[in-house]
Amino acid sequence: MNDDIFALPAQLFPFANALTSAVMLHRGGKILLANDALSRLSGYAPEELARMDFWALFPPPACDRLRERDSGRLDSPRPTTLDETVIVTRSGETRWVEMSVSNQVIADAPTVFCSILDITDRMRAETDQLQARQLLAQIIESGPVPTLVIDARHVLTHWNRACAQVLGISAESMVGTRGQWRAFYESERPILADLIVSGTIDEMIELYGTQNLRRSTVIDDAYEIESHFPHLGTHGRWLYATAAPLRNDAGEVIGAIETLQDITERKHAENALRKMQTELEATVAQRTSELSHAKATLEEDIDRRETAEAELLKRYVELTELNCRLQETHQQLIQSEKLASIGQLAAGVAHEINNPIGYVNSNIRSLKGYMTQLLDVFDTYEKCEAELPPAAREAIAAAKERADFAYLRDDIGQLISESEEGTGRVRKIVQDLRDFSRADSSREDWQPADLHAGLDSTLNIASNEIKYKADVVREYGELPLVECQLSQLNQVFMNLFVNAAQAMPDERRGTIRVRTGSAGDTVWIEIDDNGRGIPPDLIDRIFDPFFTTKPIGMGTGLGLALSYGIVQKHHGNITASSTPGAGTTFRITLPAQHPADPGEAS
Ligand code: ADP
């Protein structure tokens with residue numbers, strides 16, 4: 001234990017121990033008093049401290065300096081000193097302390113009072129900060145991107161080499177000043193980093209729009225601007241600047257960092273591109289206008305051509321129609337002429353044949369009677385033959401044999417029957433011829449008539465012809481009374497019905513459909529069959545007089561010719577359409593009112 005301790009007032013010890021900072025007293029040698037806080041700081045127990053010289057706490061260079069400085073302090077008191085120094089703890093660890101040394105008079109003796117504060121943590125933090133700052137400075141300095149940093153007072157703290165190179169001003173003349181504007185402008189005005197620090201950037205954006213100056217889309221709080229600086233380089237330069245605020249832990253802006261990128265080449269390329277695009281657009285617009293003009297002309301041309309074509313087509317249709325009508329008229333003319341001349345011929349022939357056939361017929365009838373009587377006489381002779389002398393019987397037998405009497409007797413009746421049938425046929429032809437020639441000269445009155453009644457009665461009369469061959473289906477529409485010579489029309493219907501029935505093939509039963517209807521002032525009648533039909537090469541000939549495909553004795557070829565004439569006389573029309581194997585349709589159209597023929601007796 002140090003003897004001097006006893007020289008200190010006892011109440012000092014608890015007082016010293018109550019202090020949180022380390023304190024010690026010495027009088028140039030051994031430590032007279034060291035409190036618990038010093039024990040904790042140095043790691044020495046209070047007893048160990050009480051045996052130590054006060055400078056032993058300090059490592060050699062500091063220890064020597066302190067000893068030297070404080071030597072003689074007790075003899076001539078000095079003002080209080082405040083040092084930052086280090087102590088070495090019992091475990092050999094070095095700790096930074098702040099030590100105030102003052103002269104005190106304790107127990108009537110000059111005494112040195114040391115108060116020691118552990119500042120190791122602070123010092124470490126400061127060192128770390130310094131190092132971080134240096135690192136940051138290095139990062140900024142060695143970065144290839146021109147970068148500058150200003151602090152909250154707008155004072156430049158960093159101006160890296162790239163910055164100096166691009167902007168042509170050295171860091172020495174810039175760092176520590178507020179002259180960052182000098183690198184960009186001729187007169188003082190804030191750069192992007194200044195606007196961030198002063199917090200006026202959003203106002204600027206509002207004021208000048210966001211065309212060049214805008215918020216960064218990548219970094220929060222950062223802003224970017226593309227500007228042309230006419231005073232940079234020989235012909236001015238385009239710079240793309242990005243700046244972001246630097247904030248302390250509390251989030252307060254303590255500066256701003258700004259990076260720059262020379263985008264002059266890009267801008268030139270963009271401008272050239274834009275110019276090219278504008279030129280291209282102009283060319284396209286011109287071409288488009290030329291094209292649309294050409295298109296309009298073409299469309300006009302097409303319109304004109306289409307109109308001309310339509311007109312041509314219309315003319316063509318009209319011409320075709322006219323031609324058709326001409327052909328029809330021509331056909332009708334031919335047909336009428338044919339009919340007229342054939343009518344005359346038929347009338348002549350019928351007249352010429354009618355007389356001879358009349359007496360041939362009556363002679364045959366007389367012959368038949370005479371023959372019956374003659375044969376009766378022969379029979380009587382034969383019965384009396386037995387009573388004749390043999391020579392007479394032989395002569396008769398020889399004569400009979402020569403004449404083949406048995407055969408003659410048989411054949412003579414047949415010959416007369418065939419002749420009767422032949423004259424009957426001739427009579428029918430004559431009748432047809434007379435009907436045909438009379439068709440044009442009928443004196444029957446023109447009367448409004450019910451064609452349905454006409455059709456029904458004709459079907460009745462023709463039923464013998466039809467009933468074994470086909471069924472009749474009536475599909476009658478509404479018909480007005482038609483002014484006509486009904487018996488003549490009935491003759492037409494009869495021809496059509498008989499033809500339809502005869503067109504049915506033997507192996508199956510057919511159907512004849514009778515349809516009627518009206519349209520406006522016209523009525524129509526259709527007689528349709530599903531018979532064997534008419535080959536296309538014959539259809540144009542069926543109305544020709546004497547055209548027939550029927551076997552001899554079955555057809556005269558006058559039915560349709562006669563019908564054609566009757567319908568024509570009624571100012572109507574008769575047409576036929578046919579599909580071989582499927583059937584034939586005859587269609588008659590008639591005016592409901594008979595237009596009076598010039599010179600016709602009403
Ligand atoms: P015909 O009946 O005496 O032959 P038509 O003048 O009435 O004389 O007919 C002329 C020809 O027209 C007939 O021989 C026949 O070839 C044809 N024909 C008429 N009507 C029909 C029909 N419905 N089906 C098939 N052929 C028909």
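As a basis for the values below, the full set of heavy atoms in this structure was taken, side chains included, without hydrogen atoms, waters or symmetry mates. Throughout, numbering of the chain's residues begins at 1 and tracks the sequence. Start at 1 and go down the list; that is how both ligands and their atoms are numbered.
- Partners of Tyr476 according to the ring-ring contact (aromatic ring centres under 6.0 Å, His included) rule, which considers only residues two or more places apart in sequence or in another chain, are His452.
- Side-chain polar atoms of Tyr407 and Asp411 form a donor-acceptor pair below 3.5 angstrom.
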Counting only pairs under 3.5 Å, give me each side-chain donor-acceptor contact of residues 581-593, with atom names and distances, residues two or more places apart or in other chains.
{"from": "Thr584", "atom 1": "OG1", "to": "Ser578", "atom 2": "OG", "distance (Å)": "3.0"}
{"from": "Thr585", "atom 1": "OG1", "to": "Asp528", "atom 2": "OD2", "distance (Å)": "2.6"}
{"from": "Arg587", "atom 1": "NH1", "to": "Glu526", "atom 2": "OE2", "distance (Å)": "2.7"}

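- No donor-acceptor contact under 3.5 angstrom links the side chains of Asn363 and Tyr370, judged on distance only.
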Atom pairs and distances, donor-acceptor, side-chain atoms in residues 461-470, under 3.5 Å, two or more places apart:
{"from": "Ser463", "atom 1": "OG", "to": "Asn460", "atom 2": "O", "distance (Å)": "3.0"}
{"from": "Asn464", "atom 1": "OD1", "to": "Lys467", "atom 2": "NZ", "distance (Å)": "3.1"}

Hey, what polar pairs (N/O, under 3.5 Å) does ligand 1 make with protein?
{"from": "ligand 1", "atom 1": "2 (O)", "to": "Asn499", "atom 2": "OD1", "distance (Å)": "3.0"}
{"from": "ligand 1", "atom 1": "2 (O)", "to": "Lys550", "atom 2": "NZ", "distance (Å)": "2.6"}
{"from": "ligand 1", "atom 1": "3 (O)", "to": "Thr556", "atom 2": "N", "distance (Å)": "2.9"}
{"from": "ligand 1", "atom 1": "3 (O)", "to": "Gly557", "atom 2": "N", "distance (Å)": "2.9"}
{"from": "ligand 1", "atom 1": "4 (O)", "to": "Thr548", "atom 2": "OG1", "distance (Å)": "2.5"}
{"from": "ligand 1", "atom 1": "6 (O)", "to": "Gly559", "atom 2": "N", "distance (Å)": "3.4"}
{"from": "ligand 1", "atom 1": "6 (O)", "to": "Leu560", "atom 2": "N", "distance (Å)": "2.8"}
{"from": "ligand 1", "atom 1": "7 (O)", "to": "Asn499", "atom 2": "OD1", "distance (Å)": "3.4"}
{"from": "ligand 1", "atom 1": "7 (O)", "to": "Asn499", "atom 2": "ND2", "distance (Å)": "2.9"}
{"from": "ligand 1", "atom 1": "7 (O)", "to": "Leu560", "atom 2": "N", "distance (Å)": "3.4"}
{"from": "ligand 1", "atom 1": "8 (O)", "to": "Gly557", "atom 2": "N", "distance (Å)": "3.4"}
{"from": "ligand 1", "atom 1": "14 (O)", "to": "Thr548", "atom 2": "OG1", "distance (Å)": "3.2"}
{"from": "ligand 1", "atom 1": "14 (O)", "to": "Thr549", "atom 2": "N", "distance (Å)": "2.8"}
{"from": "ligand 1", "atom 1": "14 (O)", "to": "Thr549", "atom 2": "OG1", "distance (Å)": "3.3"}
{"from": "ligand 1", "atom 1": "16 (O)", "to": "Thr549", "atom 2": "OG1", "distance (Å)": "2.3"}
{"from": "ligand 1", "atom 1": "20 (N)", "to": "Asn499", "atom 2": "ND2", "distance (Å)": "3.3"}
{"from": "ligand 1", "atom 1": "23 (N)", "to": "Asp529", "atom 2": "OD2", "distance (Å)": "3.0"}

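- Taking the six-membered ring for Trp and thresholds of 30 and 60 degrees, His594 and Trp446 have nearly parallel ring planes, at less than 30 degrees apart.
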